[in-house]
Amino acid sequence: MKYNFKAIEGKWQKRWEDGKIFRAVDGSDKPKFYGLVEFPYPSGAGMHVGHIKAYSSIEVVSRKRRMEGYNVLFPIGFDAFGLPTENYAIKTKTHPRIITDRNIEKFSNQLKRVGFSFDWERVVDTTDEDFYKWTQWIFLKMFEKGLVYRDKAWVNYCPSCKVVLSNEDSQGGKCDICHSDVIQKSKDVWYLRITQYADKLLQGLDTVDYPENIKQQQVNWIGKSTGAFVDFAVDGIEDKLEIYTTRPDTLFGVTFMVIAPEHPLIDKYADKIKNMDAIQAYRAECNKKTEFERTQLVKDKTGVKLEGLEGINPVNGKKIPIFIADYVMMGYGTGAIMAVPAHDQRDYDFAKAFGIDIIQVIKGGNIEEEAYTGDGEMINSGFLNGYTNKKDSIARMIGELEKLGIGKGGVQYKMKDWAFNRQRYWGEPIPIVHCPHCGDVAVPYEELPLRLPKIENFEPGQEGESPLAKIDSFVNCKCPKCGRDAKRETDTMPQWAGSSWYYLRYIDPHNETCLADADKMNYWMPVDWYNGGMEHVTRHMIYSRFWHHFLYDLGVVNTPEPYAKRSAQGLILGPDGEKMSKSKGNVIDPLDIVEEYGADTLRTYVLFMGDYGVATPWNDSSTKGCKRFLERVAALTDRLTDEPASPEFESKLHKTIRKVSSDIEDMKFNTAIASLMTLLNDIYAVGSINKENLVIFIKLLCPFAPHLCEEIWETLGGEGFLSLAEWPRYDEAKTVDATKEIGVQVNGKLRSTIVIPTDAGKEQVLAIAKEDAKVKAMMEGKTIVKEIYVPNKIVNIVVK
RNA sequence: GCGGAAGUGGCGGAAUUGGCAGACGCGCAGGCUUCAGGUGCCUGUGGUCGUUAAGAUCGUGUGGGUUCAAGUCCCAUCUUCCGCACCA
């Protein structure tokens, strides 16, 4: 058969779609498999090769599972709210709805042309009001349970996008979307109390099958530390200055304190501070720096001493100076620290710069040179003297502080509450009404969805307020509680909202009475295998795990964790080895590949190109190599024979079944395909193949190159769809060969190879080895010191 | 700085976890087919020495070590990539 992919691919895509053969069945008796891939943002640019690679893994696993008799849910949808669409809407004066629908259609067609076996009857779109109704519902449930609060806060604000960003969206002081510098601005912010779930999110990691590096990233992100809160009295004022420390054991070594420039104590006691001018000047200086700069300048500590206020070390009553310095952040701990220069490098640098005393309280290191952070015997530390174990001294100190009522043990998280509102049009409206009499009131559940009003102008206001604020008919409403005039919240939710629960909606996408039917969720959840990008391992995954834990506590879902297993694909780099980008002109368009080589070649190549989890450059010649492979497979129909296969070939075939089956489970797609290539070479070497064995071959190849394999199946007179045929099983007995070639070493160096009967005894194998001419020559005139035989692997004869 | 991963031919990468390094693919070279280009098919392809050959010898970032045997384990060291980062 000649390989005419253009004719084949459209034909089978149509048959699959018409036959609805990839439809997931609710409540089937079969075992279930829920495979999930991160749904795409339908950008105008269309699909990227990265999408193909990301989806191909679960695609192959899902296809294999179907053939193994599973009831498979492999859905797709669109994460369609977001800034790029809105910005494009502003630019082209087109409604985001129109743009989104257009892009979704384009994406769908592209995905279909690659032949992915998605269940197209379960497509979800986060911007569909039937979907975001339930996003709003979950928000209101959180509001009801006290997990939502509003606060005035200094927020990360992108002056270009005119939008408030979470810490997660403004990493490194740059806007995640447009990469402009982020500035600090005072705003009304809605927060979700994700910190309340920090411990559950940490503990949940012990119950899921994620790779270690992914777990570690999530652990780091949550950033739990244990330590103590300690109150320091300040000379001359009533208020205490509370600090957080992970090293309360070093309290006797405290020689100064540092507070963040924004610390409220400063303004409150401005009249007591004698050098307010200098303080204000320093603050102004800090304000100019972005958070990025502030966290970059590790060296050259700067700061100003507060003249007129002095702290008192609670354990020894010593008076110590207080500084403001920008290396202390208001956003972590209490915004104030006790400084122990002898045992903390930052404090040490600061003390050296400002000529402050350094008191060593733990023996060890050389504090003339640098801070000593290791363990050792406690000295100069009153009741802690003589302690050598950090753990013990910390426990003793916390006990002492608690007895005195000036401190207590506590934990801190790097993770902050999730800033949840955006001043944008193209997002889920936050279903809250501001009533002058009742305060913030939830929109009643029965009024959901709170629809986005149809408007013409999507530009944000001058001060960055939401475009919705200009729509009087939307803003003005009655308070659901008291019925008097009230105003609607005009901010919308961030892009992460819809993706925090979308995998549940796939289970029951058209349900009008709840987010998904409980029985169906009991059947399908948890997601058995979720693949996506490393860039979503912290934000998206932590947010959605948070929402899922919340829904579990609410009794809506039956599992605490949404994803049983997670994997991540490596990037596809440009042919030049650089990250693909428009500006570098090294972008590969998957549709060009489909046009030129066909979808099966594209699918095969993205999995063959290298280790799935590792970034690999695109190589057009190698793509051709995959095409050549498929052409040679197609030509097998011209090499059919009625002859039974030789035992040697049967053995190779069954080993290949075993290898492909296990490699797919281990995501070693490259070696799975390589073993099929090897088998194909073997078939060509033999010259022919019988029908029975060819069917096994195309079944193994089917998850990778389904169009071609279906076509061959049809040519061979197969009934129905190969995609639904039974996955081949290997016969263990047939994978065992009668003889085996093994290496023979003399003194650890390979000198020859011999053929032995499989599982022959040591004596027999050694006898064969010693008969070998080359081995004989090497042993000539020497005495044997040691003989080693590793069954079916190697012989090593040590001679002197 | 902390945490994680990785360094293997001209290139992408294999190596059943301590047992014949370089599977498979690309590229390259030679040959056949072809008017020719391309495609296809066959053969070869880690380095060095060796007239071909037989063979020898070196070889998995670098330097040591353990072992009959090391890409794989241990110690030291260099490099690259990816997270996190004045987190108290």
Side-chain angles (χ1 to χ4, degrees), chain A residues 171-172 211-221 223-225 227-228 243-247 250 257-258 260 294-301 325-329 331-340 344-347 349-350 412-414 534-535 537-538 570-571 573 577 604-605 608-611 613-626 628-629 631-632 635 655 658-659 662 668 670-681 684 741-754 774 785-799:
Chain A
Q171 292 291 301
E212 239 359 89
N213 60 334
I214 290 180
K215 283 190 185 181
Q216 198 56 49
Q217 269 197 43
Q218 295 201 1
V219 168
N220 289 344
W221 194 267
K224 182 176 183 173
S225 78
I243 60 95
Y244 174 71
T245 179
T246 54
R247 295 295 304 277
T250 60
M257 301 177 80
V258 186
R294 250 176 98 167
T295 55
Q296 276 301 302
L297 298 169
V298 178
K299 289 186 177 161
D300 302 332
K301 294 279 177 293
D326 62 0
Y327 80 92
V328 172
M329 306 287 153
Y332 184 79
T334 60
I337 64 162
M338 63 178 220
V340 187
D344 180 287
Q345 192 57 42
R346 289 159 306 148
D347 297 347
D349 294 342
F350 194 89
Q412 274 296 304
Y413 301 94
K414 288 182 201 170
M534 282 306 290
E535 70 275 22
V537 157
T538 45
L571 285 179
L573 306 172
T604 305
Y605 176 62
F608 179 68
M609 64 196 299
D611 183 328
V614 174
T616 310
W618 182 270
N619 182 320
D620 207 55
S621 298
S622 289
T623 314
K624 280 181 203 158
C626 287
R628 201 170 297 152
F629 165 61
E631 279 166 351
R632 276 156 54 89
K655 281 178 188 161
R658 183 172 63 190
K659 174 119 183 97
S662 65
K668 291 158 80 174
N670 54 339
T671 51
I673 294 165
S675 69
L676 288 167
M677 289 173 169
T678 308
L679 186 64
L680 181 71
N681 290 340
Y684 270 75
E741 193 185 65
I742 64 168
V744 181
Q745 297 180 336
V746 178
N747 286 345
K749 289 202 170 185
L750 184 77
R751 293 299 172 184
S752 186
T753 57
I754 56 170
K774 290 174 201 159
V785 180
K786 202 169 184 181
E787 295 171 329
I788 291 139
Y789 171 55
V790 183
N792 297 326
K793 293 219 164 127
I794 205 155
V795 172
N796 191 8
I797 300 170
V798 185
V799 296

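Here is the naming used below: chain letters follow the sequence lines, and residue numbers restart at 1 for every chain.
In this structure, of G19(B), C20(B), C24(B), it is C24(B) that holds the atom nearest to the side chain of Asn681(A). For Lys414(A), counting side-chain heavy atoms from C-beta on, the closest listed nucleotide (G19(B), C84(B), C86(B)) is C84(B). Of the listed nucleotides (G4(B), G13(B), A88(B)), G4(B) has the atom at the smallest distance from the side chain of Asn213(A). Residue Ala674(A) places its side chain closer to C24(B) than to any other of C24(B), G27(B), C42(B). The side chain of Glu631(A) lies closest to G40(B) when the candidates are G40(B), A88(B), A56(B). The side chain of Leu750(A) lies closest to A21(B), out of U57(B), G19(B), A21(B). Residue Thr678(A) places its side chain closer to C24(B) than to any other of C24(B), A88(B), G19(B). In the set G25(B), U57(B), A14(B), G25(B) carries the atom at the smallest distance from any side-chain atom of Met677(A). Taking only side-chain atoms of Trp221(A), from C-beta outward, the nucleotide of C26(B), C84(B), G25(B) with the closest atom is C84(B). Checked against C20(B), A15(B), A88(B), the side chain of Thr671(A) finds its nearest nucleotide in A15(B).
Applying the 90° cutoff around 0 to the glycosidic angle, G9(B) is assigned syn. Within 90° of 0 lies the glycosidic angle of U17(B), which makes this nucleotide syn.
With sequence neighbours left out, Asp611(A) forms a side-chain hydrogen bond (donor to acceptor under 3.5 Å, both in side chains) with no residue at all. Evaluation of the side-chain hydrogen bond (donor to acceptor under 3.5 Å, both in side chains) rule for Thr678(A) yields no partner, not counting sequence neighbours.
Using a 4.5 Å heavy-atom threshold, the side chains of Val537(A) and Trp221(A) count as separate. Between Met338(A) and Thr250(A) there is a side-chain heavy-atom pair separated by less than 4.5 Å. Using a 4.5 Å heavy-atom cutoff, the side chains of Gln216(A) and Val219(A) are in contact. In this structure the side chain of Ile243(A) reaches within 4.5 angstrom of the side chain of Met257(A), judged on heavy atoms. Looking only at side-chain heavy atoms (C-beta outward), Asn213(A) and Met534(A) come within less than 4.5 Å of each other.
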If you restrict it to nitrogen or oxygen atoms, what contacts under 3.5 Å exist between nucleotides 7-12 of chain B and the protein, and what is each distance?
from: G12(B); atom 1: O2'; to: Met609(A); atom 2: O; distance (Å): 2.5

At a cut-off of 3.5 Å, list every protein nitrogen or oxygen paired with a nitrogen or oxygen from nucleotides 68-70 of chain B, distance to 0.1 Å.
from: C68(B); atom 1: OP1; to: Lys786(A); atom 2: NZ; distance (Å): 3.4
from: C68(B); atom 1: O2'; to: Asn796(A); atom 2: ND2; distance (Å): 3.0
from: C68(B); atom 1: O2; to: Asn796(A); atom 2: ND2; distance (Å): 2.6

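Remark: P of C87(B) and CD of Gln412(A) are 14 Å apart, rounded to the nearest angstrom. The CG-P distance, from Asp347(A) to A88(B), rounds to 11 Å in whole Å. Atom NZ in Lys659(A) sits about 9 Å away from atom C1' in A23(B), given to the nearest Å. Distance, Lys224(A) NZ to A85(B) C1': 21 Å, rounded to whole Å. One can place CE of Met329(A) at 14 Å from C1' of C84(B), the figure rounded to the nearest angstrom. Nucleotide C20(B) holds its P atom 13 Å from the OH atom of Tyr789(A), rounded to whole Å.
Phosphate contact (OP1/OP2 of A88(B), side-chain N/O of Tyr332(A), threshold under 4.0 Å): present. Residue Arg751(A) places at least one side-chain N or O under 4.0 Å from the OP1 or OP2 atom of A56(B). Neither OP1 nor OP2 of G38(B) sits under 4.0 Å from any side-chain N or O of Lys624(A). Considering only side-chain N and O atoms, Asn670(A) lies under 4.0 angstrom from the phosphate OP1 or OP2 of A14(B). Phosphate proximity of C87(B) to Arg346(A): present, with a side-chain N or O under 4.0 Å from OP1 or OP2. Distances shorter than 4.0 Å separate some side-chain N or O of Lys749(A) from OP1 or OP2 on C58(B).
Here the options are Val795(A), Ile794(A), Asn796(A), the test is side chain to side chain contact (heavy atoms under 4.5 Å, CB included), and the partner is Ile788(A); only Asn796(A) passes.
Atom P of C73(B) sits at a distance of 28 Å from the matching atom of C84(B), rounded to the whole Å. Across the P atoms, A23(B) and U77(B) are found 35 Å apart, a figure rounded to whole Å. Using C1' as the reference atom, A69(B) and C81(B) are 33 Å apart when rounded to the nearest Å. Comparing U72(B) with G18(B), their P atoms are spaced 11 Å from each other, to the whole Å. Comparing the C1' positions of A5(B) and G10(B) gives an interatomic distance of 26 Å, to the nearest angstrom. Here, C11(B) and C2(B) have their P atoms 33 Å apart, quoted to the whole Å. Rounded to whole Å, the separation between the P atoms of G13(B) and C20(B) comes to 23 Å. Separating the C1' atom of U62(B) from that of G40(B) is a span of 46 Å, rounded to the nearest Å.
To the nearest 0.5 Å, the span separating SG on Cys626(A) from CE on Met609(A) amounts to 9.5 Å. Interatomic distance, CD1 of Ile337(A) versus CG of Asp347(A), reported as 4.5 Å (0.5 Å rounding).
Side-chain contact annotation: Asp349(A) with Gln345(A), donor-acceptor N/O pair under 3.5 Å present.
Taken together, the paired segments of RNA chain B that extend over three or more consecutive Watson-Crick or G-U pairs, each closer than 3.5 Å at both contacts, are B:1-7 with B:78-84, B:10-12 with B:24-26, B:27-32 with B:40-45, B:46-49 with B:55-58, B:61-65 with B:73-77.
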Open item on the list: So if I define the base as every atom that isn't primed, P, OP1 or OP2, how would nucleotides 45-50 of chain B read as a B/S/- string at a heavy-atom cutoff under 4.0 Å?
Closed with: ------

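Where Arg628(A) and Thr334(A) meet RNA chain B, the nucleotide closest to each residue was compared, and Arg628(A) sits on the side nearer the 5' end. The nearest heavy atom of RNA chain B to Asp611(A) and to Ala336(A) marks one nucleotide each, and the one closer to the 5' end goes with Asp611(A).
Of the possible donor and acceptor atoms, one in the side chain of Tyr605(A) sits under 3.5 Å from a partner among the backbone N and O of Asn619(A). Checking side-chain atoms of Ser225(A) against main-chain N and O of Gly223(A) turns up no donor-acceptor pair under 3.5 Å.
Judged by the 6.0 Å and 45° rule, Arg346(A) forms no cation-pi pair with Tyr327(A).
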